[in-house]
Peer 1: 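Shown below is the structure under consideration.
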Amino acid sequence: MCAHIRKKKKYKRMKEKETLIRQIIPLIAQRSAKIVGKPVPDYESIIAKIMNSVLIDDKIEFDPKKAQHVITLEVMNYTKAGKTFDFMMNVPTDAQVVAVDPKPQAVEEQNIVWRVTHLKMLERKAFRVVLSGMDQDAYDENELYVRGIDPELVSGAESFDAEAYAAKREEEADDEGDEMEGDEEEVEEAGEVDEDLEDEDGKGGKSDDEEG
Amino acid sequence: MSMAKKKGGKVAEKTPEQLADEVKVKKNLEGIAAKVYTDFTQVKVPFYLVPARTKSNIVFNEKARVWKYGDSQTVRSAKTQDGAYAILRTMYSIDFIKEMIDQSKSSTLREMYYISEGWGLAKFHTQDESDHLMEDLEVVTLDMREDFKLRPEEDGARVIGDITIEETVRSGNKRTINCRDDVGDAGYTVPYNVEKDRIKFLKNKCKFIVALETGGMFDRLVENGFDTDFDALLVHLKGQPARSTRRLIKRLNEECNLPVICFTDGDPWSFRIYASVAYGAIKTAHISEYLATPAAEFLGITSSDIVNYELPTDTLNDQDIRALKAELNDPRFNTQFWKNEIRLMLEMGKKSEQQALAKYGLDFVTDTYLPEKLHEMGIL
C-alpha cells in the first residue's frame with residue numbers, strides 16, 4: 001500500500017512538472033531568441049531531456065444513460081529515445097468489456113494487453129476502453145501496468161510482475177470472502193456502537209436534568 | 001548623438017562614454033541569453049552559473065582589503081522547476097532592461113517588481129525575488145544595477161558637516177551645497193547615485209566621519225553641535241546602510257582622507273551594520289571594493305561599553321543569540337577583537353542601545369563618551 005501511495009505521489013509530481021515544463025521551456029526558448037535576434041530554437045528535445053519519463057495519463061467517465069464507464073488512457077514518451085513495451089489494463093471481474101480501441105494484442109487473464117511499439121520521443125498514444133456492468137462508484141481507479149520497460153522511467157502505471165500480480169488477485173479473493181462474512185459482524189458492531197451512543201446520550205440527559 | 005531621458009522638459013544628450021557603457025552592458029546581458037539560446041541549439045538543458053552568495057563563499061581579497069565571493073558556484077538549471085523559473089525570469093528581466101536602455105528609461109526596483117505582473121509565469125511573487133535576481137545579474141555580468149537603469153527607493157540617509165559638494169541636479173545643472181551651512185537640521189539627503197559624475201567634493205574642513213546607526217543619535221549629535229565642535233562629518237546610516245550611503249562613505253574616506261568611525265547600537269545586528277560598512281555585505285560581496293571602507297573602525301556600543309559605562313540593557317532574545325553564534329562563524333568577524341566582543345555579549349546575555357547613554361544626561365554622549373572613545377582610538 002505504501003509503495004502504491006509513493007507511486008501516486010511520484011506520478012502527481014511528474015504531472016505537475018510536466019505541466020510547468022511544457023509551459024516554461026517554450027517561453028524561455030522564445031524569449032532568449034528574441035533577445036539574441038534569432039529564430040526560436042527547437043525546445044521539444046529539451047522538454048524530453050528534462051522530463052526523462054514515460055507518463056501515463058488516465059481518466060474515467062461514467063455514462064449514466066448507458067450505465068458504462070468510459071476509460072481514456074494516454075501514453076506520452078518524454079524520454080530521449082523511442083520506447084517499445086507492453087501496456088496493460090486490468091478489467092474487474094464483474095465488468096463486461098464493451099469496446100477497446102485500439103485492438104489489443106492479447107487478453108491475459110483479466111488484463112487487456114497492448115503492444116506499444118517504437119513510441120518516439122514526445123509521441124503520444126491514446127487508448128479507450130468502455131466497461132459495463134458496474135455501479136458508478138464501484139469503479140473509480142484504473143489498474144495499469146507496463147512490461148518490458150525500466151519501471152523507473154514510468155509514471156502512472158506499475159511494473160507488471162506475474163507473481164506479485166497473482167498474489168494480489170489471491171489476496172483480493174480472500175478479502176472478498178472475508179467481507180462477505182464480515183458484513184454481518186459489522187452490522188452487529190454497528191448495533192453495539194449505537195447502544196453505546198444511547199448510553200452517552202443518557203448521561204448527557206442526566207446532566208441536563210441536573211442543570212435544570 | 002543619442003538622447004537621454006527627459007528631465008524637467010529638457011532632453012539631455014548622452015555622452016559617447018555613456019553610449020559605450022550602454023552597449024557594453026547590453027552585450028553582457030545578451031551574453032546570458034546567448035548561452036541559454038546555444039544550450040537549446042546544442043540540445044543541452046539550459047543553465048547558467050552564479051557565484052554562491054553565502055557566508056561560506058566569501059574570501060578576503062588582500063588587494064582590496066574587502067570580503068569578496070570565492071570560487072563556489074550555484075547552478076541555475078532548467079532541469080528543476082525552480083531553476084526553470086529562475087531562467088525564465090532572467091530572460092524576461094534582461095529583455096526589459098535592454099528595452100529600458102534603448103528607450104532611455106529607468107525604474108525603481110519596486111517598479112521592476114510590479115512590471116513583472118504582466119509577465120505571466122515569469123512574474124515575481126515578492127520584491128525580494130526580483131531584487132535577488134538583479135543581484136544575480138550584477139554578479140554574472142560584473143555590471144552594477146545602476147547600469148541596468150534600476151535604482152532603489154530613495155532611502156533618505158543624511159549627512160551633516162562642513163564639506164562643500166557640487167551636485168548635478170535633475171535639470172543637468174550643477175549646484176554647490178555646503179552640508180552644514182546650506183541645509184536644515186535634517187541635513188543633506190544622500191541621493192541614490194553618488195558617483196563622480198553626480199557628486200564632486202569641492203572643499204572639506206571635516207577631520208573624520210561618524211557613521212551613526214540611528215536617527216535619534218544623529219539628531220542628538222546635531223543638536224549638541226558635535227559636528228562643529230569636533231569638525232566631524234555626521235552620516236546617518238539609517239540601519240543597514242543603502243549602497244549609496246556606503247559608496248559615499250568610501251569616496252569620502254579615499255578622496256578626502258577622512259577616517260571613518262561607526263557608532264551603532266550594541267547588539268548583533270549592529271555588528272553586522274559595521275561589517276557591511278567596513279568589510280562588505282554578504283549579498284553585495286561582488287561589489288565590495290566599490291562599497292566597503294576597510295579603514296572604518298567600530299567605536300561602539302561595544303560589549304565592554306555596556307560593562308564599563310554600566311549602560312541600561314535588554315536581555316538577548318533567541319534570535320539575538322543565534323545571530324551572535326552565527327557571527328562567531330562569519331569570516332568577517334574572525335578577529336580577536338570581535339571574538340572577545342561577541343563572547344562577552346553572549347556571556348552577559350545583554351544588549352544595549354546607543355541612546356542608553358542618555359542615562360547620564362543628554363550631553364553625556366557628546367561631552368564624555370565620544371571624546372573618550374575617540375581619544376582612545378587616536379582620532380582626537
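Naming convention: chains lettered A, B, ... in sequence-line order (proteins, then strands); numbering from 1 in each chain.
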Peer 1: Is atom NZ of B:Lys35 surrounded by more than 12 heavy atoms (other residues, nucleotides or ligands) closer than 6.0 Å?
Peer 2: yes
Peer 1: How close do A:Ile35 and B:Glu30 get, heavy atom to heavy atom, and via which atoms?
Peer 2: CG2-CG, 3.9 Å
Peer 1: What part of A:Ile25 lies closer than 4.5 angstrom to a heavy atom of chain B: side chain, backbone, both or neither?
Peer 2: both
Peer 1: Can you give me the closest heavy-atom contact between B:Tyr37 and A:Pro39, atom names plus distance?
Peer 2: OH-O, 2.5 Å
Peer 1: Using non-hydrogen atoms only, which part of A:Pro26 is less than 4.5 Å away from chain B: side chain, backbone, both, or neither?
Peer 2: neither
Peer 1: Which bit of A:Leu27 is near chain B, if near means a heavy-atom gap under 4.5 Å: side chain, backbone, both or neither?
Peer 2: both
Peer 1: Below 4.5 Å from any heavy atom of chain A, which atoms of B:Gln42 appear? Answer side chain, backbone, both or neither.
Peer 2: neither
Peer 1: Looking at B:Asp39, B:Asp95, B:Thr41, which one has more heavy-atom pairs under 4.5 Å with chain A than the rest?
Peer 2: B:Asp95
Peer 1: Heavy-atom distances under 4.5 Å only: say whether A:Ile21 touches chain B with side chain, backbone, both or neither.
Peer 2: side chain
Peer 1: Quick check for you: to the nearest 0.5 Å, what is the distance between B:Leu88 atom CG and A:Gln23 atom CD?
Peer 2: 10.5 Å
Peer 1: Is the CG atom of B:Asp197 crowded by more than 12 outside heavy atoms at less than 6.0 Å?
Peer 2: yes
Peer 1: Atom CE in A:Met51, atom NZ in B:Lys79: separation rounded to 0.5 Å?
Peer 2: 13.5 Å
Peer 1: If you draw a 6.0 Å radius around CD in A:Glu152, do more than 12 non-hydrogen atoms from other residues or ligands fall strictly inside?
Peer 2: no
Peer 1: Most heavy-atom pairs under 4.5 angstrom with chain B, which of A:Leu20, A:Asn52, A:Ile46?
Peer 2: A:Ile46
Peer 1: Flag yes if more than 12 heavy atoms outside A:Phe62 fall under 6.0 Å of its CZ atom; otherwise flag no.
Peer 2: yes
Peer 1: State whether the number of non-hydrogen atoms from other residues, nucleotides or ligands found under 6.0 Å of A:Gln105 atom CD is greater than 12.
Peer 2: yes
Peer 1: For a quick test of reading the model, state the closest non-hydrogen atom pair linking B:Ala84 to A:Ile24 and the distance between them.
Peer 2: O-CG2, 3.7 Å
Peer 1: Quick check on A:Arg115: does its CZ atom have over 12 non-hydrogen neighbours (other residues, nucleotides or ligands) under 6.0 Å away?
Peer 2: yes
Peer 1: Run through B:Tyr85, B:Tyr92, B:Phe40 and flag the one making a side chain to side chain contact (heavy atoms under 4.5 Å, CB included) with A:Ile28.
Peer 2: B:Phe40
Peer 1: So which part of B:Leu121 gets closer than 4.5 Å to some heavy atom of chain A, the side chain, the backbone, both or neither?
Peer 2: side chain
Peer 1: How far does OG of A:Ser32 sit from CD1 of B:Ile32, to the nearest 0.5 angstrom?
Peer 2: 12.5 Å
Peer 1: Considering residues, nucleotides and ligands other than B:Lys24, do more than 12 of their heavy atoms fall under 6.0 Å from its NZ?
Peer 2: yes
Peer 1: Could you look at A:Lys38 and say if it's the side chain, the backbone, both or neither that has a heavy atom under 4.5 Å from chain B?
Peer 2: both
Peer 1: Write down the atom of B:Lys44, the atom of A:Lys49, and the distance for their closest heavy-atom approach.
Peer 2: CA-NZ, 4.3 Å
Peer 1: If I measure from the heavy atoms of chain A, does B:Lys26 come under 4.5 Å with its side chain, its backbone, both, or neither?
Peer 2: neither
